[in-house]
Protein chains: 2
Amino acid sequence: MMDLYPALVDEDRRLSGHDRKLAQIVLDDVDFAIRSTIGELAARAEVSPPTVTRFCRRIGCAGFSDFKLQLARMNYVGLRYLRPEVPTTSAAEVAEDIVAKAQNALFQLHQQLDPVVLDRAAQVLRAADFILAFGSGGNSSMISHELHNRLFRLGCRIHSSNDRSMDLMLSAAVTPGTVTVVSSMTGLDADLVRCLDLMRQQKVPTIALTQSGSPVALAADIPITIDLPEGRNIFRPTSTRYAFLAAVDILANLVAYADRQRATVFLRRIKEELVRSRDGDDRQLLGD
Amino acid sequence: MMDLYPALVDEDRRLSGHDRKLAQIVLDDVDFAIRSTIGELAARAEVSPPTVTRFCRRIGCAGFSDFKLQLARMNYVGLRYLRPEVPTTSAAEVAEDIVAKAQNALFQLHQQLDPVVLDRAAQVLRAADFILAFGSGGNSSMISHELHNRLFRLGCRIHSSNDRSMDLMLSAAVTPGTVTVVSSMTGLDADLVRCLDLMRQQKVPTIALTQSGSPVALAADIPITIDLPEGRNIFRPTSTRYAFLAAVDILANLVAYADRQRATVFLRRIKEELVRSRDGDDRQLLGD
DNA sequence: CAACACAAGAAAAATTATTACACGCAGGCT
DNA sequence: AGCCTGCGTGTAATAATTTTTCTTGTGTTG
């Protein structure tokens, strides 16, 4: 169930000769590729059918039918995004592109998540007396904010910080009973690694949302790893944020379910306060 | 495209006998249907292969292969969401549910967006001397933060505020050349409406990300409306956030494309600074 | 009760994909 | 240099899958 897209664009030039030609033809006209038989596709690429089968195998499919199936899947999600070189500029194109990439990021997140790890993280969070959430630099700071936003509602005592200097001081001052969650999309934040080391010295459990194998992931007790392909478009800061956000979402839900009663109490209280302070419409969201 | 689903659920009972049985089997296990051959599916339904072919034709496909293709497409986003809601508690279930809902929110956003409005909003933003971004209460505050995070990188002068009292003061003190973006998921925030009214008095253009027809939408010059069904699960603050986030994403991209050169300059500078301050790995994201 | 419409299966046919095998070519090794 | 080896390719044979054709059975209607 691998994603075809990276294999097709073949950034690292692993495909050769006819395979590259085939990939190009498929990318140029996905609908054709989906509808055609192996013979038709082979003819368009001026190769033999077996070459097409082999091509499908090389890019990770079981065969040509499987290839078409996967292509159909991918295509539905909005395959306009298979044209990286052609800069999309119209509003409709940009919208389609971003939505497709976001959905794709969520899809890949879902593939990568390990329920066991998530459960463990949720349990640790649930048991914490106090939670620290670290994340700096736009994207990860959004994540740590969001963790705060979600967990305080469940009755968790939590502080979120986006300030690397503060993070270090907070880490130096942690006390048992604390649990720390850090977020780093690259996993290369050296300060964050230092924080995690300090935590470990104090036996404070740490959860990291980050790339697998990265320094941050290695320094954390419970790494929740999310690996997504880098975007090449510098105007677009990757759709990784959607995946991270979903990870927080899932985590917060699991924490809520771990003690449903307690969570309900707090959520009700918050909701009542919101309804009171606004015009009494109780369809209100929990915090706009 | 998506009309396979209605045909399968067969609300108006147009299918009969074996066809209904086949539809049920397919809906029960879409993955099986996608993977299996016509023979296997026929066996599971205890019918003959030709019956399956005829079934596919009746519900609007060209044949069994086409049916599988369409099914694969549908299965990616649409169908999971349409399943009856069961209380989910296991980590895997929660993850699946949240991812599906988020993808669906993005899907619906995509359908609702009006490219013309987006373009107009982007142009107004691009022309602004100064941008104010308002949004309070967890979700919308994330959105206004994100607007800041995305637009300052493009060279926009922008301030984001999550403080209703400050919003009002800022609104009272706006000067021509300013453009304001507000976010409210419910659209019921009275203070925000007041802010928008103040802006209008000063002829400051206003853009609102909110529900259509809501007071906030009505008070804004350029309402970018996003209507998503309310979730009933109080533990889950709707997946609307993903949609709003994507809207910001799209908007920021359009602003960037409106003056690509300028945007590139700023993004490069930011990137260089990031690379310098870290370990020189230039695959770094733009702001973790 | 016959005539008809319809649905279903069996078997044959057609289509489509895969495998087996042989050839050719480039790069490395003796 | 000459030879082996590995890789990619096409042809032809094979296998698989799907569709068509033909036949039978069932239920409805005049």
Side-chain angles (χ1 to χ4, degrees), chain A residues 1-2 4 7-27 29-75, chain B residues 4 7-27 29-75:
Chain A
M1 177 65 88
M2 234 259 314
L4 276 191
L8 280 173
V9 291
D10 186 38
E11 275 173 329
D12 28 336
R13 296 276 164 188
R14 287 201 320 233
L15 300 180
S16 59
H18 289 170
D19 281 356
R20 186 138 359 123
K21 187 173 183 186
L22 275 165
Q24 197 51 53
I25 284 174
V26 171
L27 290 178
D29 192 348
V30 182
D31 282 334
F32 168 79
I34 290 173
R35 262 190 280 285
S36 65
T37 69
I38 196 170
E40 290 166 332
L41 184 58
R44 185 179 278 208
E46 295 170 306
V47 298
S48 66
T51 299
V52 177
T53 295
R54 287 188 276 255
F55 163 73
C56 296
R57 298 257 163 83
R58 269 193 278 266
I59 63 175
C61 301
F64 183 66
S65 324
D66 184 45
F67 171 71
K68 286 209 294 187
L69 243 32
Q70 300 220 36
L71 213 51
R73 257 207 191 91
M74 190 167 79
N75 191 40
Chain B
L4 202 52
L8 279 174
V9 290
D10 185 36
E11 275 168 334
D12 28 338
R13 297 276 165 186
R14 287 201 320 231
L15 301 180
S16 58
H18 289 168
D19 281 356
R20 187 141 354 127
K21 188 173 184 184
L22 274 165
Q24 197 50 55
I25 284 173
V26 170
L27 286 175
D29 192 347
V30 181
D31 282 334
F32 167 78
I34 291 174
R35 261 192 295 279
S36 65
T37 70
I38 195 170
E40 289 166 331
L41 184 58
R44 186 178 277 208
E46 295 170 305
V47 299
S48 66
T51 299
V52 177
T53 296
R54 288 189 274 254
F55 163 73
C56 297
R57 298 257 164 83
R58 268 193 280 268
I59 64 174
C61 302
F64 184 66
S65 324
D66 183 46
F67 171 71
K68 286 208 293 187
L69 245 30
Q70 299 221 40
L71 213 51
R73 270 218 283 259
M74 180 175 83
N75 192 37

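Bear in mind that the values here come from a model prediction, so they are computed numbers and not experimental data. Order of the sequence lines fixes the chain letters, A, B, ..., with proteins taken first and strands second; residue numbering starts at 1 for each chain.
- B/Val52 comes within contact range of no nucleotide atom at all, as no heavy-atom separation falls under 4.0 Å.
- Residue B/Leu41 contributes atom CG, which lies 13 Å from atom P of C/dG9 at whole-angstrom precision.
- Separating the CG atom in A/Leu71 from the CZ atom in A/Phe64 is a distance of 9.0 Å, to the nearest 0.5 Å.
- Annotation: side chain of B/Lys21 is in contact with side chain of B/Glu46 (closest heavy-atom distance under 4.5 Å).
- Distance B/Arg58 CZ to C/dA7 C1': 8 Å, rounded to the nearest Å.
- The CZ-P distance, from A/Phe67 to C/dT16, rounds to 17 Å in whole Å.
- Taking CD1 of A/Ile34 as the reference point, atom CD of A/Gln70 lies at 11.5 Å (rounded to 0.5 Å).
- One can place CZ of A/Arg35 at 18 Å from C1' of C/dT16, the figure rounded to the nearest angstrom.
- Atoms CZ and CD1, from B/Phe67 and B/Ile59 in turn, are 4.5 Å apart once rounded to the nearest 0.5 Å.
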Task: Contact pattern, 5' to 3', of nucleotides 15-28 of chain D - B, S or - by protein heavy atom under 4.0 Å - done: --SSBB--------
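- For A/Thr51, a side-chain nitrogen or oxygen approaches OP1 or OP2 of D/dG10 to under 4.0 Å.
- As a whole-Å value, the separation of A/Phe55 CZ from C/dT19 P is 17 Å.
- In this structure, CG on A/Asp19 lies 13.0 Å from CZ on A/Arg57, to the nearest 0.5 angstrom.
- Between the P atom of D/dC7 and the CZ atom of A/Arg20 lies a distance of 18 Å, rounded to the nearest Å.
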Pairs under 3.5 angstrom only: tabulate donor-acceptor contacts from the side chains of residues 49-56 of chain A to other protein residues two or more places apart or in another chain.
unit_1: A/Thr51; atom_1: OG1; unit_2: A/Ser48; atom_2: OG; d: 3.1

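- Between the NZ atom of A/Lys21 and the C1' atom of D/dG10 there is a distance of 15 Å, given to the nearest Å.
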